[in-house]
Amino acid sequence: MATVIKSRHAIVSRPPYMLYMGFVDMRNFIQFLPEDKKKDITADYDSLKAVVQGFNVGVRITERTPYSKICMKDDGAPFSFGISMFFDAAGGDPDKTDFHIELSAELNMMMKMMLGSKLQEALDRIVDALAAVSEGKVPEGIDPEILKKASETGRFN
């Protein structure tokens with residue numbers, strides 16, 4: 001039985017279509033990584049593969065619902081998982097997005113106990129960081145130079 005973990009919802013100060021376009025191409029994810037982490041990651045439009053703590057982990061986009069949802073599935077990982085990102089209009093404001101993430105993973109009881117709270121925390125941090133960036137704030141643990149570079153290239157703006 002799959003373990004489902006849902007992030008908190010956050011309001012991102014960008015329209016749903018703009019936020020969606022930042023996530024629709026897997027190559028965009030690499031720009032936010034420190035240079036020393038980029039060497040272990042490859043990406044194309046549909047997929048991303050990385051070596052994380054000695055494990056090969058990959059994700060592939062399986063569904064794109066324009067401007068509202070992107071779904072991904074594991075593509076060579078130690079366990080089966082899926083990720084869905086939701087980009088909903090926030091209370092009728094066309095310039096804001098109610099963003100959240102859902103993770104579904106096939107975890108045995110031991111893995112669930114070890115990873116469950118860490119996965120929840122990671123999803124919440126991603127959502128919170130995206131909301132902070134949209135407000136012009138630098139999230140904790142993010143190098144401001146990376147955000148400056150992304151801003152200059154026009155990605156995620």
Side-chain angles (χ1 to χ4, degrees), residues 1-34 36-91 94 96-134 139-142 146-147 150 155-157:
M1 187 161 143
T3 298
V4 177
I5 301 170
K6 298 179 181 185
S7 75
R8 73 181 96 215
H9 287 243
I11 301 301
V12 179
S13 295
R14 297 288 184 271
Y17 77 88
M18 190 178 284
L19 194 56
Y20 171 90
M21 292 305 293
F23 286 100
V24 76
D25 185 341
M26 297 300 281
R27 296 171 291 197
N28 288 340
F29 287 92
I30 295 174
Q31 73 179 327
F32 290 105
L33 297 173
D36 63 321
K37 303 289 185 204
K38 291 180 181 181
K39 65 180 173 46
D40 295 329
I41 298 179
T42 58
D44 60 29
Y45 184 72
D46 291 316
S47 66
L48 183 134
K49 293 193 183 277
V51 177
V52 179
Q53 295 182 345
F55 291 100
N56 290 321
V57 179
V59 293
R60 175 170 297 284
I61 293 179
T62 58
E63 178 186 340
R64 290 178 176 95
T65 304
Y67 315 127
S68 64
K69 181 169 120 179
I70 296 173
C71 296
M72 298 174 230
K73 184 166 177 16
D74 67 280
D75 186 20
F79 58 90
S80 179
F81 66 90
I83 300 168
S84 296
M85 294 184 289
F86 298 89
F87 312 88
D88 301 316
K96 295 189 186 237
T97 302
D98 178 355
F99 178 72
H100 68 282
I101 303 170
E102 291 183 10
L103 170 75
S104 175
E106 294 296 331
L107 302 174
N108 63 34
M109 190 57 72
M110 178 91 117
M111 298 248 322
K112 186 175 181 178
M113 287 173 37
M114 288 177 24
L115 296 176
S117 64
K118 291 180 183 193
L119 291 171
Q120 179 72 58
E121 182 181 316
L123 294 180
D124 288 343
R125 285 189 67 185
I126 291 167
V127 170
D128 290 346
L130 190 56
V133 167
S134 77
E140 183 180 326
I142 300 292
I146 294 172
L147 293 177
R155 294 189 178 159
F156 288 96
N157 280 342

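One finds the CG atom of D124 at 13.0 Å from the NZ atom of K6 (value rounded to the nearest 0.5 Å). Separation of atoms CG (L19) and OG (S13) is listed at 10.5 Å; rounding is to 0.5 Å. Rounding to the nearest 0.5 angstrom, the gap separating the CD1 atom in I30 from the OG1 atom in T42 is 7.0 Å. F87 contributes atom CZ, which lies 10.0 Å from atom OG1 of T65 (distance to the nearest 0.5 angstrom). Taken from SG in C71 to CE in M85, the straight-line distance is 8.5 Å, to the nearest 0.5 Å. Taking CZ of R64 as the reference point, atom NZ of K69 lies at 14.0 Å (rounded to 0.5 Å).
In this structure the side chain of L115 never reaches within 4.5 angstrom of the side chain of T3, judged on heavy atoms. In this structure, the side chains of V24 and M21 come closer than 4.5 Å at one or more pairs of heavy atoms. Contact annotation: the side chain of F99 approaches that of V127 to within less than 4.5 Å [non-hydrogen atoms, C-beta and beyond].
Residue pairs meeting the salt bridge (Lys or Arg N to Asp or Glu O under 4.0 Å) criterion with at least one partner in residues 97-111, sequence neighbours excluded, do not occur; the list is empty.
Heavy atoms only, all atoms of each residue included: A131 and I11 are closest at CB-O, 3.6 Å. G22 and N28 make their closest contact through O-ND2, 2.9 Å (heavy atoms, listed as atom of the first residue, atom of the second, distance). When all heavy atoms are compared, the tightest approach of I61 to F23 is CD1-O, 4.2 Å. V59 and M72 get closest at one heavy-atom pair: CG2-SD, 4.2 Å. When all heavy atoms of I5 and G116 are compared, the closest pair comes out as CD1-O, 3.9 Å. For the residue pair S104 and V4, the shortest heavy atom distance occurs at OG-CG2, 4.2 Å.
The backbone N or O of I101 lies less than 3.5 Å from a partner atom in the side chain of S7, making a donor-acceptor pair.
Residue K73 qualifies as enclosed at atom NZ: its count of foreign heavy atoms under 6.0 Å is above 12.
Note on K49 versus D44: no salt bridge recorded, every NZ/NE/NH1/NH2 to OD/OE distance being 4.0 Å or above.
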Set out, in order, the CA-CA distance, both residues' side-chain angles and the distance that settles side-chain contact (heavy atoms from CB on, under 4.5 Å) for L107 and M114, then state yes or no. CA-CA 10 Å; L107 302 174; M114 288 177 24; over 6 Å; no
